[in-house]
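Working notes for the structure below.
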Amino acid sequence: MRDNHLHTYFSYDCEASFEEYLQAYEGHIVTTEHFDLSNPYLGGPRDDVPDYAKYSVAVAELNLSYGNRVKRGIEIGYYAPRLADILAFLEGKDYDVKLLSIHHNGRFDYLEEAVFELDREQHIRSYIREMQEAIKSVPAHVLAHFDYGFRKLQVSVEELQLAEKDLRLLFRLMMEHGLAFEINTKSMYLYGNEALYRYALKLLSDMGCQRYSIGSDGHNLAHFRLGFDKVEELLSEFQIRKEWLV
Ligand SMILES: [Zn+2]
Ligand SMILES: [Zn+2]
């Protein structure tokens with residue numbers, strides 16, 4: 001089971017090196033570096049773009065010394081006003097894993113306190129609809145952390161259920177576009193959103209989803225493959241087969 005959501009110093013908010021992960025774990029890794037345009041977080045707004053040329057050289061060199069254990073990835077931060085720039089950057093670039101995310105609304109990142117100023121119910125719905133637009137607009141492999149926009153709000157399953165219609169449409173679009181659903185272990189085990197993931201997995205199972213991705217969203221070694229033993233149990237509980245994992 002590969003950790004499909006991982007960052008290194010090629011991401012603006014991360015210092016970790018590839019070697020830390022490679023030395024701690026014998027299997028394959030993929031790093032999914034942040035690509036966030038007009039990012040308001042940590043003193044922005046600015047365009048956070050992973051250096052493609054340097055990244056390609058770094059991964060190629062590591063693959064020589066670590067027996068081809070490194071795959072190439074990117075975490076695409078969808079932001080509608082910059083869609084043309086996002087697509088232009090991705091054009092002609094080669095990634096093994098493209099995650100699709102929404103982190104901010106141009107004014108603030110959803111992990112910032114300002115998220116508490118929004119109307120909760122309305123925000124959950126509009127965040128889900130924004131993800132629907134992202135899927136229709138940007139080719140990718142994985143829908144990352146579907147709960148990111150309301151991670152901080154400690155949303156209950158009952159509250160999320162109010163948006164079940166929108167959520168079902170989102171998952172339908174995700175499946176139609178061939179994206180996998182990300183089981184984000186940081187959301188589940190660090191932010192306490194396991195119940196939301198269980199609810200989503202139930203819906204997905206009812207809908208016949210057969211593509212899933214497991215990701216820690218690690219920014220340091222301590223979070224790399226976080227909770228992967230517990231995820232094994234979750235997979236068997238929801239009868240998710242290993243061959244369905246991307
Ligand atoms: Zn993210
Ligand atoms: Zn990430």
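All ligand and atom numbering here is 1-based and tracks the order in the structure.
In this structure a side-chain-to-backbone donor-acceptor pair under 3.5 Å is present from Asp3 to Arg225.
Taking 2.8 Å as the limit, the number of protein N, O or S atoms around the Zn ion (ligand 2) is 4.
Applying the ring-ring contact (aromatic ring centres under 6.0 Å, His included) criterion to Tyr189, with sequence neighbours excluded, gives no partner residue.
Of the N and O atoms on the side chains of Asp217 and His5, at least one donor lies less than 3.5 Å from an acceptor on the other residue.
Relative orientation of the Phe146 and Phe150 rings is perpendicular, given thresholds of 30° and 60° on the angle between their planes. Between His7 and His34, the ring-plane angle classifies as parallel under the 30° and 60° cut-offs.
Side-chain rings of His104 and Tyr79 approach one another, their centers coming within less than 6.0 Å.
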